[in-house]
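Have a look at the structure below before the remarks.
These numbers were taken from a predicted model, which means no experiment stands behind them.
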Number of protein chains: 2
Amino acid sequence: MPPRKRATITDVAAAAGVAASTVSRAFTHPGRVNVHTREHVLAVAEELGYAPNPAARALESGRTRTLALLVPDITNPYFAGVIKGAERGAAAAGLTLVLGDTAENPAQEAQLVRRLGPAVDGFVLSASRLPDEELRRAADLNPIALVNRATPGLACVVADFDSGTRQIVDHLASLGHHSLVFLGGPPESWSGARRWAGLRAAAEERGLGATRFGPYVPALAGGAAAADAAIAAGATAVVAHNDMLAIGVMLRLAERGVDVPGDVSVVGFDNIVGADFCNPPLTTLAERTEEAGARAVEAVAAQVLSRTDDPPTRVLPTQLVVRRSSGPVPG
Amino acid sequence: MPPRKRATITDVAAAAGVAASTVSRAFTHPGRVNVHTREHVLAVAEELGYAPNPAARALESGRTRTLALLVPDITNPYFAGVIKGAERGAAAAGLTLVLGDTAENPAQEAQLVRRLGPAVDGFVLSASRLPDEELRRAADLNPIALVNRATPGLACVVADFDSGTRQIVDHLASLGHHSLVFLGGPPESWSGARRWAGLRAAAEERGLGATRFGPYVPALAGGAAAADAAIAAGATAVVAHNDMLAIGVMLRLAERGVDVPGDVSVVGFDNIVGADFCNPPLTTLAERTEEAGARAVEAVAAQVLSRTDDPPTRVLPTQLVVRRSSGPVPG
DNA sequence: TTGAAAGCGCTAACAC
DNA sequence: GTGTTAGCGCTTTCAA
């Protein structure tokens with residue numbers, strides 16, 4: 001069964017008694033056509049419910065006016081902000097956004113990049129799991145911007161983890177803690193590595209001890225093992241790979257009768273929806289995820305217009321949101 | 001600046017020493033080409049990094065192998081499940097998913113439908129705010145499936161609110177409550193109307209009183225006003241339009257020293273991420289949002305293949321998840 | 001089994 | 001200011 005028939009530019013041209021090219025101009029170069037003809041053409045188009053066929057435009061121009069955003073897990077609230085920001089940025093630039101879920105799987109990510117490549121003008125890759133080399137190869141075919149992943153030669157938007165981790169360490173130090181335990185996430189996570197590196201450096205600077213446990217599943221479910229390890233180690237302050245893990249940790253701590261923040265302070269990363277209403281509300285490092293998404297789209301759009309040799313890396317500020325899960329060291 | 005050059009079918013044909021049509025066949029009708037030629041062609045294509053241009057295919061066939069999913073608010077965790085399910089369904093059918101955020105705005109939704117129409121094979125509209133008539137008009141041009149919205153003549157996937165609301169009322173009745181207060185969401189919300197209608201009917205059946213307050217903003221922020229109204233009315237059980245509102249209500253109740261569930265029981269709708277870790281964990285009606293997304297995609301895909309006169313309405317079961325926010329009536 | 005040629009809807013280059 | 005024409009990359013007749 002054929003798709004419903006839509007009015008084409010020829011239909012409009014015939015109905016308006018002009019050439020197809022005039023209809024085309026009326027839409028794309030309104031200035032280059034007589035005001036009267038244009039209005040007439042637009043009226044006829046409206047009446048016929050005509051809308052230009054993007055596929056045909058794309059074929060001619062090589063531009064699809066479409067961007068793809070690939071995220072590891074659409075349901076992860078962290079990416080909701082990135083998606084929202086990218087959506088907003090794309091809409092502002094008159095671009096369509098295609099969304100892809102890579103299921104945290106590099107192979108799936110590579111396949112999507114390959115398959116979507118010819119259909120889009122560029123990619124925003126959020127928390128990409130692809131090796132640097134593969135990213136660069138993909139960037140030869142399509143403009144790419146990375147979110148929370150830095151690869152030399154590619155446009156990147158990253159959170160300022162150096163400042164962020166220092167804020168966390170300063171906060172814990174000011175509460176009298178002498179050491180912290182980092183509950184790590186997936187080993188391949190670029191931002192996970194940056195978080196730990198930053199914490200470690202800041203802790204050393206401040207004379208705090210810092211230990212890393214894990215890797216744990218960066219989800220509620222990963223919290224039990226992480227919390228048990230932290231308890232066994234006698235930690236007074238734990239910093240989790242992300243908020244979901246942090247909340248999972250607090251759930252387990254409560255289950256085991258450990259008071260937060262009385263016995264243990266808990267800090268997360270991301271400031272997701274829910275960090276404000278979990279129990280106790282979570283102290284966490286807020287990233288500007290929406291802005292990151294929007295900026296990444298901008299970066300790709302800019303590269304579409306003029307290929308840059310040295311695309312920029314943008315560092316977005318981070319801010320520690322102190323809630324009730326962190327408090328003075330016990331004793 | 002022109003987009004990067006990609007290998008075209010002609011490049012592959014030239015490199016393989018065959019005609020373009022043979023390359024085309026090697027990809028689309030593998031059976032109709034000599035095994036040797038095909039393998040050779042595919043090898044050359046692989047080497048050149050060739051991938052068929054979807055825009056060109058779409059132009060010829062009128063099929064884009066792309067579906068659009070429109071949601072009122074991407075960041076709302078409720079829609080994360082729908083998105084995930086739709087994404088999965090689309091991937092399974094070899095379709096690309098385009099995502100659009102309508103910002104809860106009917107005009108924006110209409111514009112997206114219009115603009116995306118020629119670029120996609122069909123739409124999944126989640127919690128559409130469009131009037132029935134407009135939906136039907138859009139359905140003349142593109143196959144459409146609705147999620148949690150029923151419009152005669154269109155394919156719909158809806159949650160079983162009749163059963164769901166009965167489960168809620170039965171649960172409250174079994175706890176000894178004599179009446180409930182419904183804290184309503186947006187007046188245009190189809191599912192909001194269904195929820196209230198169901199609660200009301202079930203309450204009457206069970207001999208419980210049921211009152212509706214609102215409308216409130218269906219978000220954390222709407223909770224304060226809603227909670228205050230419930231307190232003023234002396235409610236022992238409140239059912240909120242959705243989980244975000246319910247959690248917002250609990251936050252305000254805690255602030256005002258009202259114990260949940262000691263003084264007031266709170267029930268939500270949606271079972272979002274966070275309903276399990278808010279304080280206290282929320283009793284809520286779980287919908288199968290992922291399945292809804294996947295089924296809706298299936299429904300659209302089926303209509304693409306053969307236009308049906310009477311597309312089906314699918315009702316998905318709902319299940320009350322009892323957590324600690326609901327308890328025996330006080331006194 | 002394969003090649004040549006036409007055409008999908010649109011835009012741009014070139015006439016007039 | 002507007003019409004004519006060619007061609008974007010691909011699939012699909014139609015011949016061979």
What is the distance, rounded to the nearest whole Å, between atom [atom1] of [X] and atom [atom2] of [N]?
X	N	atom1	atom2	answer
B:Arg32	D:dT11	CZ	P	12 Å
B:Asn53	C:dC8	CG	P	18 Å
A:His36	D:dT2	NE2	P	11 Å
A:Glu39	D:dG1	CD	P	15 Å
A:Arg6	C:dC10	CZ	P	11 Å
A:His29	C:dC10	NE2	P	15 Å
B:Leu59	D:dT12	CG	C1'	13 Å
B:Asn34	C:dG3	CG	P	11 Å

Report the residue (A:Ser21 or B:Arg38) whose heavy-atom-nearest nucleotide on DNA chain C is the more 5′ of the two.
B:Arg38
Where each residue is assigned the nucleotide of DNA chain C containing its nearest heavy atom, which of A:Ala56 and B:Arg25 is assigned the position nearer the 5′ end?
B:Arg25
Working note: A:Glu287 + A:Asp270, criterion side-chain contact (heavy atoms from CB on, under 4.5 Å); need CA distance, chi angles, decisive distance, verdict.
CA-CA 6 Å; A:Glu287 296 176 27; A:Asp270 295 348; 3.7 Å; yes
Are the side chain of A:Glu109 and the backbone of A:Ser128 linked by a donor-acceptor contact shorter than 3.5 Å?
no
Is there a donor in the side chain of B:Gln108 and an acceptor in the side chain of B:Asp101, or the other way round, less than 3.5 Å apart?
no
Distance-only donor-acceptor check, side chains A:Thr151 and A:Asp132, under 3.5 Å:
yes
For [N] and [X] - does any side-chain N or O of the residue sit under 4.0 Å from the phosphate oxygens OP1/OP2?
X	N	value
B:Arg57	D:dC10	no
A:Thr22	D:dG3	yes
B:Thr37	C:dT2	yes
A:Thr8	C:dG9	no

With sugar-phosphate meaning primed atoms plus P, OP1 and OP2, does [X] contact a base, only sugar-phosphate, or nothing at under 4.0 Å between heavy atoms?
X	result
B:Pro52	sugar-phosphate
A:Tyr50	sugar-phosphate
B:Val23	nothing

Of all the nucleotides listed (D:dT11, D:dG3, C:dT11), which has the minimum atom distance to the side chain of B:Glu60?
D:dT11
Report the C-alpha separation of A:Asp11 and A:Arg6 in whole Å, then their side-chain angles, then the decisive distance to 0.1 Å, and conclude whether the salt bridge (charged side-chain N to carboxylate O under 4.0 Å, His left out) test is met.
CA-CA 9 Å; A:Asp11 298 334; A:Arg6 288 181 165 275; over 6 Å; no
